[in-house]
Every structure is written in C-alpha cells, then in structure tokens.
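For reference, the structure discussed in these notes is given below.
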2 protein chains.
Amino acid sequence: MATIKQVAERAQVSVATVSRVINETGLVSPDLEQRVRAAMEDLNYYPSALGRGLRRSETMTIGVLIPELDQPFFSALVSSVESALFRQDYRTLVCSAEEDPAREAAYIQILLQQRVDGVIYVPTGQQAGNVSKLRKSSVPVVLVDRDVSTYQVDKVMCDNESGAYEGMSHLIKQGHRRIGVIGGPDYSFAILRRMAGVRRALADAAMPLNSQFLIMGTLQQFELGYQTAMHLLTQPERPTAIFALTDMIAIGVLHTASRLGLHLPGDLSVMGFDDIPLATYSIPELTTVAQPIYEMGALATKLLLARLHDHDRPYEQHILDARLVVRNSVAGAATHDPLLK
Amino acid sequence: MATIKQVAERAQVSVATVSRVINETGLVSPDLEQRVRAAMEDLNYYPSALGRGLRRSETMTIGVLIPELDQPFFSALVSSVESALFRQDYRTLVCSAEEDPAREAAYIQILLQQRVDGVIYVPTGQQAGNVSKLRKSSVPVVLVDRDVSTYQVDKVMCDNESGAYEGMSHLIKQGHRRIGVIGGPDYSFAILRRMAGVRRALADAAMPLNSQFLIMGTLQQFELGYQTAMHLLTQPERPTAIFALTDMIAIGVLHTASRLGLHLPGDLSVMGFDDIPLATYSIPELTTVAQPIYEMGALATKLLLARLHDHDRPYEQHILDARLVVRNSVAGAATHDPLLK
DNA sequence: GTTTAGGGTGTAAACGTTTACATTAAGACG
DNA sequence: CGTCTTAATGTAAACGTTTACACCCTAAAC
C-alpha cells in the first residue's frame with residue numbers, strides 16, 4: 001500500500017506538502033496541489049490511520065461494548081450509535097460480551113490497546129468489577145441502560161420504574177385485578193426498577209401484592225415467558241392479564257396463550273416492555289412500554305463526543321421517559337373474566 | 001497512557017526486554033521478567049495497537065460491511081462473524097451502509113485507511129461499482145450472500161435457487177394450486193435466484209405460471225408483504241398459499257391474514273425464506289426455507305483468515321444448502337380451498 | 001589457558017504520519 | 001538598493017512499537 005513518501009516522490013514535492021493537501025491545512029500553490037492529487041490518485045493512496053493516530057494520539061474510533069449483539073434491543077442500540085458516530089466521522093468497534101464477564105474483561109483490554117477515544121458501555125452481568133478497569137484508564141465512558149452507581153461517568157438510562165408504573169396502572173385501569181408479572185434475570189438493574197414500579201402501582205391502587213403472581217426467573221427470555229406463563233395460566237384462578245417486563249418475555253407469553261387456545265386480547269391481556277421492532281410484528285401487536293432506544297443511542301453518542309472535546313465538563317445523568325404505547329394486546333378485564341360473570 | 005519506554009525505565013531494563021516479555025518472544029531471565037510485569041501492572045500499561053500495527057503492518061482488525069445493521073438477517077450475520085473473529089483474536093469494525101451506495105463507498109475508503117487486514121462484504125444495492133474500489137487495493141475480501149460475479153474473490157452464499165425450489169415444491173405437494181409468490185427488491189441477486197427456483201418448481205409440476213400471482217416490489221419488506229398480500233387475498237380467486245421470498249415479507253402477510261380474519265394455516269398457508277429468529281417467534285411459527293446464517297458467518301470468517309495466512313491460495317466459492325424447516329404456517333390445501341369443495 | 005557456544009540484554013532503525021521550525025523567493029516599502 | 005513581509009515549501013523530530021544486530025558474560029570444551 002502506498003505511503004505518503006511515495007506520493008511525495010511522484011509529485012516531486014515534500015511529504016509536508018502532501019500532508020497539507022490531504023488535511024487542507026496550510027497553504028499550497030494550485031499547481032503543486034494539482035500534482036499531489038494526481039499522484040494520490042495514481043497510486044491509489046489512502047492515508048494510514050495508524051500513522052495518523054500515532055502522531056495525533058487519537059484514533060477516531062469508539063468502542064461499543066454490549067452484553068449481546070444478538071438481542072434486538074442491543075442490536076438496535078448499536079445501530080443507532082453506529083449511525084450517529086458515522087455522521088461525526090468516527091468509527092465503531094463492536095464488542096459483544098455474549099453475557100460473559102470474562103469475555104467482557106478481555107474486550108476491555110482490547111479496547112484499551114486499540115486506544116479508542118471513548119467507550120459506550122452497557123455492562124454485562126451482576127458484578128461491576130469490569131467497570132473499574134475501564135475507569136482506571138481515564139478513557140471517556142458513557143454508561144447506557146444499566147446503572148453502576150459507584151462511578152462518576154455520563155449516564156443514559158430510561159425511567160424503568162415509572163415506565164413500569166404506567167404500564168401496570170394501565171392494566172389496573174382496564175379493570176384487571178389478577179395480574180401476573182414476569183421478569184428476569186433477577187440481578188438486572190433495569191428489571192429490579194421495573195419491579196419496583198409494579199409494586200408502587202399496586203400500592204397506589206390499594207391492591208394486595210399477591211406474590212404468587214410476581215415471578216422472577218433466570219431462563220432465557222422467551223423460554224422464561226413461555227414456561228412461567230404456562231404455570232400462571234393453568235392455575236384455577238388464573239390472571240386476566242400478564243405484564244411481561246420485557247417484550248421477549250411477552251412473546252413467550254403469547255405463545256403460551258396460543259398453545260392454550262386463549263384468544264388475545266379477549267381471553268388474556270399482555271403488556272410488554274422495551275418496544276423492540278418485534279413488538280409491532282407480533283400478532284396481536286404488543287401493547288408495551290417503549291424505551292426510546294434510538295434516542296438513547298444518539299444521546300449517548302452526543303455525550304461521549306462532547307466529553308472528548310471537553311474532558312472536564314461536569315458529568316451528566318439522563319433519565320429518559322419510557323412511555324406507554326397502546327396497541328392490540330390489552331383489553332378491558334370485565335368482559336372476559338369468568339370469575340366476574 | 002503509559003508507553004513501553006516508561007515501563008522499561010521503571011523496570012530498569014531496555015524497551016527490547018519489555019517487548020520480549022509482552023510478546024513472549026526471545027529469552028529473558030526470570031527476575032527481569034518479574035520486574036517488567038510488576039512495572040506494567042503499576043503503570044497499568046497496555047501496548048498500543050497503533051505502534052504495533054505500524055511496525056508489524058497488520059492491524060488484527062477486520063471490516064464487516066453490510067447493507068443494514070438493523071435487519072435481523074444481517075445483525076445475526078454480524079453477530080456470528082464477530083464471535084468467530086474474537087476467538088481468533090481479531091477485532092470487528094462494523095460498517096452499515098444503510099442501503100446507501102454513497103455511504104458504502106465512504107466506508108470502503110475508511111476501511112482502507114484503517115488498514116484492516118480484510119473485509120467481509122455484503123454489497124449494497126444494484127451496482128457493483130464499489131466492489132472494484134475494494135479489489136483495486138488488494139485487501140482480502142470475502143463476499144457474502146450477494147454475488148458479484150465479475151470479481152475473483154472468495155464467496156459464501158446459500159443455494160437460493162434450489163432452496164426456493166424446495167419451498168415451492170413443498171407447497172405444491174401439499175396440494176396447493178393457486179400459490180402467490182411475493183419477492184423484492186427486484187434487483188437483489190438472492191431474490192432473483194429464488195424466483196428462478198420458484199419457476200423451476202412450477203415447471204417440474206407442470207403447473208402454469210400465473211403472472212398475476214408472482215409479485216415483485218421495492219417497498220420495505222414488511223410493508224411489501226402486507227400490501228401485496230392484501231391485494232392477492234381480496235381477489236375473487238385468492239391463493240390458498242403464499243410463498244414469501246423473505247421472512248419479513250411473510251410476517252407482513254401474516255398481518256394481512258389476521259386483518260382479514262383468515263385463520264392460519266387453516267385458511268391460508270404461508271411459507272417464508274431465511275429463518276431469522278423472528279420466524280420462530282411468530283404465531284403460527286413460520287414454515288420457512290432456512291439459510292444457515294451462523295454457518296455462513298463462520299465460514300466467511302474462516303475463508304478470510306485462511307487467505308490472510310496464505311495470500312495466494314485458490315479462490316473458493318461455497319454454496320451452502322438452504323433447507324426446508326417445517327413449522328406451523330403451512331397445511332394441506334384440499335381441506336380449506338373453497339373452490340375445491 | 002584459550003576458544004566456543006549460547007543465554008541474556010541493549011541499541012537503533014523502521015513503520016507512516018503530522019507539525020514546529022527553518023528556509024527561500026518575491027514583492028512592498030522606505 | 002537594502003530591509004521587511006509574507007506566501008510557499010522543505011527538513012526533521014516525534015508518536016509507540018518490533019526486531020535485526022551487536023554485545024557481554026559465563027561455563028563448557030579442548
């Protein structure tokens with residue numbers, strides 16, 4: 001691959017001049033510029049990001065470290081971040097930890113070696129051990145979705161608690177009294193907050209907290225929804241609605257309902273959380289609490305780039321609203337609760 | 001961030017020695033090694049990939065250039081590639097062209113500047129102009145999913161033609177005689193091959209080719225399925241089955257059926273193509289022709305790395321089997337064709 | 001006692017850039 | 001005709017590695 005020196009030689013100028021035309025810095029006469037451009041074309045030269053990065057000590061590369069690329073929520077997040085970064089002329093180094101803390105640690109080390117200018121980080125698993133490794137190195141980090149409160153960093157999350165509150169309240173307002181709630185994994189910060197929102201809604205409605213209906217599990221999400229819904233819906237006093245704390249769990253619940261021959265939303269109402277693309281593709285379309293995924297990605301990117309330009313700005317913590325999106329999987333309870341007839 | 005020189009200084013050795021312990025190349029006495037490791041720990045030093053890359057002239061980074069990251073098929077592909085690359089100690093630079101050839105061109109330039117060791121490439125759009133830019137630079141490339149026949153590169157595709165043949169034949173074997181086929185976009189290589197498979201199946205079954213039932217469109221996939229199915233299913237002699245040349249199209253068809261109150265697979269059979277994760281999440285679960293996505297990603301990675309180690313090996317073209325996956329969205333025709341009753 | 005072998009270590013060049021600084025030439029000004 | 005600007009260009013150092021080469025030392029072999 002051609003180097004700047006070869007270009008200089010061919011154009012009969014110094015490397016400095018070539019560099020000047022590449023970066024449009026400093027003055028260079030029209031005819032020389034002409035010659036340089038021609039030479040670059042001829043040799044099909046592309047300036048090396050390695051040399052440049054070394055000299056400038058910046059790589060224009062951002063690491064995006066997430067628990068699992070294959071999950072729709074994260075792949076949407078990455079997509080939005082990548083898009084925003086591209087617009088600002090940054091590259092995206094994707095790192096999927098596959099829900100494995102050891103692999104996450106390995107990736108952190110790699111990101112440090114790569115000298116990425118910053119990291120957008122959704123921590124994996126329960127422990128925050130890996131976060132500290134990142135922080136120790138003074139790379140700018142913005143934390144997304146999952147909170148690790150002990151560290152001073154920029155944060156972008158959504159209001160899981162009040163989102164869940166709204167979702168649950170909606171179900172209650174529709175007349176549901178026996179509402180199953182399914183969440184997991186139980187160490188997830190977001191899920192815990194959502195559960196808290198559920199409890200508050202119950203309390204505000206002066207409804208008792210039936211612990212048989214509040215289920216936490218660690219299965220893979222779809223499976224979790226399917227299994228626990230099966231358990232819930234085959235009880236004598238089955239719930240008339242189920243609040244799945246994740247859209248993927250909701251999809252599992254939908255399958256259970258289908259298996260049991262329950263018609264939605266007539267026989268059972270289902271509410272999800274997240275609003276991944278799948279939520280609009282399911283039948284019936286899922287009523288759910290929407291996280292503003294794209295907005296979160298864009299905001300995280302913005303915060304990160306802002307910090308790159310001003311290392312000492314105060315840390316910001318953004319908590320975006322999660323809002324109820326009413327579609328077709330929830331209906332009023334009175335009409336179809338056999339126990340009320 | 002610490003440099004090798006600082007580590008050397010602190011450990012009271014030369015940089016060469018430090019480099020030797022980092023890379024485990026050459027001999028170094030136990031006590032010196034000890035000191036060096038301690039110094040690295042103290043300064044929390046990570047060797048710079050920039051310096052190393054410059055010197056070794058390899059970056060251990062692979063570009064993955066795809067049409068659109070948040071399409072399930074591609075995000076699954078990227079996920080599989082990333083996973084395979086990680087295992088071989090390579091990094092993944094994700095580039096989503098967002099179906100825009102100009103943006104694709106920009107990304108190619110970036111990849112060249114980054115001096116990636118190779119590229120896994122799913123071309124965007126109809127023209128192959130961008131491919132040549134890549135080839136001119138002698139970066140190893142493996143082409144996935146979409147063929148651009150004029151160039152000598154390694155290729156990984158799946159057998160779209162015979163996959164579609166199988167899918168269509170299955171429908172025919174089930175007794176369907178009026179089968180709608182929906183595909184798009186019409187410039188897509190894969191879609192064209194699938195259409196060819198459909199035609200061959202029709203011919204082999206000595207069935208006439210009813211052009212009213214063969215629809216190509218350029219809408220966004222879900223929309224395409226929804227709209228054209230609506231058109232197809234509201235005709236007087238509506239099809240008893242629909243072969244959607246893409247799972248996302250099939251999902252659109254499912255929604256149309258639901259809207260029209262058609263029960264699946266009783267009133268209508270639907271067959272998809274791709275077997276994205278969504279295919280098992282839909283209700284009913286989609287009978288579809290499966291592309292071995294993960295296998296394709298893994299194989300592409302393997303071919304690319306093989307070429308890195310041996311630049312002159314012969315080019316390979318792999319055409320993986322697409323196989324029919326029978327689930328719940330297809331049933332026999334005789335039972336529910338009103339015109340046969 | 002001299003040679004030899006090889007383990008252990010250091011020196012310095014090279015990789016491809018950017019950029020501070022030096023240099024040149026040409027015109028403006030007195 | 002000297003002096004001063006200023007535009008245009010070049011030189012060389014620095015960024016952080018790896019590695020060829022040179023060197024020293026110890027112990028074995030003769």
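In this text, all values refer to a predicted model and were calculated from it rather than measured experimentally. Lettering follows sequence order; numbering is per chain, from 1.
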Given atom [atom1] of [X] and atom [atom2] of [N], what is their separation to the nearest angstrom?
X: B:N23; N: D:dT17; atom1: CG; atom2: C1'; result: 9 Å
X: B:L50; N: C:dC15; atom1: CG; atom2: C1'; result: 12 Å
X: B:E24; N: D:dT19; atom1: CD; atom2: P; result: 14 Å

Quiz item: Is the phosphate of C:dT17, meaning OP1 or OP2, less than 4.0 Å from a side-chain N or O of A:Y45?
Solution: yes
Quiz prompt | Check: B:S79 side chain, B:S75 main-chain N or O, donor-acceptor pair, under 3.5 Å | solution = no
Quiz item: Which residues within residues 52-62 of chain B lie with some heavy atom under 4.0 Å of an atom in DNA chain C?
Solution: B:L54, B:R55
Self-check item: Residues within residues 1-22 of chain B bordering DNA chain C, heavy-atom distance below 4.0 Å
Solution: B:V13, B:S14, B:V15, B:A16, B:T17, B:R20
Quiz item: Between A:K5 and A:E9, is the closest basic N to carboxylate O distance under 4.0 Å?
Solution: no
Quiz item: Can A:V153 and A:R135 be said to form a side chain to side chain contact (heavy atoms under 4.5 Å, CB included), step by step?
Solution: CA-CA 9 Å; A:V153 288; A:R135 288 307 304 161; 3.5 Å; yes
Quiz item: Given side chains that start at C-beta, do those of B:L304 and B:P140 come closer than 4.5 Å, heavy atoms only?
Solution: yes
Quiz item: Could you state the interatomic distance from CD (A:Q109) to CG (B:N44), rounded to the nearest 0.5 Å?
Solution: 10.5 Å
Quiz item: A:F74 and side-chain contact (heavy atoms from CB on, under 4.5 Å): which partner among A:V64, A:V122, A:L69?
Solution: A:V122
Practice problem: Would you please test B:R37 and B:E41 for salt bridge (Lys or Arg N to Asp or Glu O under 4.0 Å) and show each step? | Solution: CA-CA 6 Å; B:R37 292 208 184 280; B:E41 180 76 14; over 6 Å; no
Quiz item: When all nucleic acid strands are considered with a 4.0 Å heavy-atom cut-off, which category describes A:L27: base, sugar-phosphate, or nothing?
Solution: base
Practice problem: Give, ordered by number, those residues of residues 28-42 of chain A having at least one heavy-atom distance below 4.0 Å to an atom of DNA chain D; if nothing qualifies, reply none. | Solution: A:V28, A:S29, A:L32
Exercise. State which residue, out of B:D312, B:D154, B:D117, fulfils the salt bridge (charged side-chain N to carboxylate O under 4.0 Å, His left out) condition with B:R307.
Key: B:D154
